[in-house]
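Here is the naming used below: chain letters follow the sequence lines, and residue numbers restart at 1 for every chain.
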2 protein chains.
Amino acid sequence: MTTIKDIAKVAGVSVTTVSRALNGYSDVNEKTRRKISEIAKELNYSPNTLARGLVMKKTKTIGMLVSGMNRANSKDNFTFEVLSGVNECISERDYDLVLFSTTTTKQREKTYSQLCRERRVDGVILQGMKIDDPYLKEVVESDIPCMLIDIPISSESVGYVTTDSVLGAKRAVDYLIQSGHKKIAFMNGHDQAYVSQQRLKGYRDALREAGIDFREEYVRNGDFLEDKAEEEAAKLLDEHPDITAIFCASDLMALGVMKSAKSSGLAIPGQLSIIGYDNILLAGYASPPLTTIAQDKFDLGYKAANALIDMLEEEGPAKIITLETELIVRESVQ
Amino acid sequence: MTTIKDIAKVAGVSVTTVSRALNGYSDVNEKTRRKISEIAKELNYSPNTLARGLVMKKTKTIGMLVSGMNRANSKDNFTFEVLSGVNECISERDYDLVLFSTTTTKQREKTYSQLCRERRVDGVILQGMKIDDPYLKEVVESDIPCMLIDIPISSESVGYVTTDSVLGAKRAVDYLIQSGHKKIAFMNGHDQAYVSQQRLKGYRDALREAGIDFREEYVRNGDFLEDKAEEEAAKLLDEHPDITAIFCASDLMALGVMKSAKSSGLAIPGQLSIIGYDNILLAGYASPPLTTIAQDKFDLGYKAANALIDMLEEEGPAKIITLETELIVRESVQ
DNA sequence: TTGAAAGCGCTAACAA
DNA sequence: TTGTTAGCGCTTTCAA
């Protein structure tokens with residue numbers, strides 16, 4: 001494999017000159033540069049980023065830590081869309097992405113900062129972490145530049161991008177209220193998710209503004225799981241047959257709720273209106289097509305990567321970015 | 001950041017001893033080893049993989065080259081599932097994954113082997129490449145260990161994993177024939193995809209065995225695109241209203257064909273039977289739910305990664321792996 | 001069982 | 001404009 005040493009030998013110059021020529025420094029004679037470039041091409045040279053990284057202490061690499069990239073979770077292409085966004089931005093800005101995937105067993109062996117420092121990533125993006133994940137504490141304590149997705153924790157070196165879940169949830173419930181509903185249940189995710197707390201707040205806000213009493217027993221946790229939501233909805237609808245609408249904190253759960261409603265013979269939206277959250281691909285294909293609150297997942301990833309690289313290159317402070325949601329009206333609410 | 005030098009100083013030994021101790025070599029006194037391990041932990045040491053990679057010429061990194069990881073393509077979670085499989089295997093075997101994403105503009109600047117050598121990846125997995133992609137030639141010529149997904153090219157250092165598309169397609173068409181169909185059209189992908197050639201072969205095989213004449217005009221290319229397939233299906237059904245069943249080379253196209261059939265008022269499966277290929281998530285949610293040929297995409301990725309690492313570690317020859325398909329009967333065929 | 005020394009491929013002070 | 005030299009953090013040969 002060709003090194004700058006080889007090039008130097010052929011060109012009859014020192015390695016320093018080769019290095020400078022190839023890196024576009026100004027203090028090198030045009031003729032020498034051309035000659036060096038030619039030889040480099042001839043010898044099919046490619047720089048060794050390891051060696052470069054070793055001395056520069058910069059690797060042009062972003063680490064991405066994802067939880068839930070396994071067989072079971074591929075139904076929800078949230079992660080994939082975020083990843084696509086990250087990937088797009090990163091390749092535009094000429095970085096590379098290394099994917100760390102951690103299981104809980106691995107977490108015991110290796111700390112967050114070990115993981116990052118081993119690979120000498122310049123910065124990190126975290127997606128899909130639960131709020132009580134042990135890594136999260138480390139993230140804030142460590143000084144590795146980091147952007148979180150949907151987790152509102154920040155410090156000198158860590159920022160986050162999220163969508164306005166309070167507002168999004170409120171938007172959903174407002175829409176239900178406008179459509180004439182008063183008995184509105186809420187299928188939430190779980191308490192370890194920041195967004196669940198937010199969406200609950202939005203739900204309550206909307207009810208309060210409309211003068212509707214909040215009822216504890218109308219709120220259930222579906223763990224963001226289709227099956228769990230289906231179960232919970234069955235119980236809920238059984239106990240409170242007067243409910244006319246359910247707001248679900250994720251589309252996947254909305255799908256579960258739909259199943260449950262169907263199997264107890266409830267017409268959607270005739271007898272029960274359902275509104276979801278996320279606007280996953282499946283939402284438009286459900287029957288009836290699911291009305292939902294859309295988040296731009298690709299953008300979530302793209303903006304996170306962009307902000308991170310900004311931090312890295314401009315050495316600016318960590319950024320906090322909030323994206324807007326959008327109500328997608330389909331046919332599951334009446 | 002702590003280095004082995006720091007540890008050596010504190011422990012009062014040489015860096016050599018530290019290196020050996022930490023890497024589990026046998027020729028180091030147990031006492032010294034324990035002492036060194038303790039100090040390493042205390043100092044919160046993590047090894048610098050760049051430095052190690054530089055001298056060892058192994059990085060424990062697999063590169064993954066994916067085409068089509070962009071906003072437009074996220075509908076099709078084929079890529080994501082493959083990626084999940086790759087990721088799972090790689091993390092089990094303690095490698096890391098670096099994601100290369102290339103656009104055609106970038107390809108002009110950097111060759112395949114440059115891309116790989118720069119990052120010094122030990123091996124590469126390629127997914128979603130077209131058969132005429134310029135990188136593909138390079139892959140075979142270069143001696144970088146590589147596994148291709150769904151592209152049957154091999155050499156000393158490159159293998160592939162694919163599903164048996166001929167058999168899969170045959171299985172689909174056989175099922176249609178068994179169900180009594182004789183006028184069976186085929187919505188194929190495009191000529192740059194290996195799998196399209198294979199599936200066409202399977203389609204022809206099935207017809208031949210059943211004594212049904214192959215008709216050129218029954219075969220269309222939908223480019224694996226929902227919209228394109230919808231268009232093509234409209235033309236096809238208009239020109240040949242006697243067609244009773246369509247085999248589609250991908251579920252996404254099958255969805256397009258369904259749309260087209262619906263908008264011309266054809267009942268599925270009453271008047272037109274449709275069978276897809278892939279078993280994407282959406283397939284089960286379509287209405288009617290789509291009968292299709294399933295491939296295990298996760299496994300495709302997992303096996304590719306596994307075979308690659310086998311090659312790397314056992315220095316064995318490149319492997320060729322063929323996975324089976326499975327007929328998933330739902331409600332779009334009658 | 002341990003250490004000294006060389007070297008992986010590169011960049012960057014400093015000197016010329 | 002160019003070269004000499006040192007050093008990034010690690011592994012490994014060789015010698016003790």
Check every strand shown and say whether B:Asn48 touches a base, only sugar-phosphate, or nothing at a heavy-atom separation below 4.0 Å.
sugar-phosphate
Give a yes/no answer on whether the side chain of A:Tyr25 brings an N or O atom under 4.0 Å of OP1 or OP2 in C:dA12.
yes
Looking at C:dT11, I'd like to know if its phosphate oxygens (OP1 or OP2) sit under 4.0 Å from a side-chain N or O belonging to A:Ser19.
yes
Phosphate OP1/OP2 of C:dG3 contacted by B:Thr17 side-chain N/O (<4.0 Å):
yes
5' precedence on DNA chain C between B:Leu54 and B:Val15 (nearest-nucleotide basis):
B:Val15
Quick one: does B:Arg120 reach the base of C:dG9 with a side-chain donor-acceptor pair under 3.5 Å?
no
Would you call the rings of B:Phe80 and A:Phe80 parallel, tilted or perpendicular if under 30° counts as parallel and over 60° as perpendicular?
tilted
Do NZ/NE/NH1/NH2 and the carboxylate oxygens of B:Asp310 and B:Arg93 come within less than 4.0 Å?
yes
In whole angstrom, what separates A:Lys58's NZ from D:dG9's P?
14 Å
Name the residue closer to the 5' end of DNA chain D, choosing between A:Thr32 and B:Thr2 according to the nucleotide with the nearest heavy atom.
A:Thr32
Figure out the NZ/P separation between B:Lys57 and D:dC10, and round it to whole Å.
17 Å
Residue pair A:Arg119 / A:Thr59, side-chain donor-acceptor N/O under 3.5 Å
no
Please output the side-chain donor-acceptor pairs of residues 298-305 of chain A that fall under 3.5 Å, not counting sequence neighbours, one pair per line with the distance.
{"from": "A:Asp299", "atom 1": "OD2", "to": "A:Lys303", "atom 2": "NZ", "distance (Å)": "2.7"}
{"from": "A:Tyr302", "atom 1": "OH", "to": "A:Glu92", "atom 2": "OE1", "distance (Å)": "2.4"}

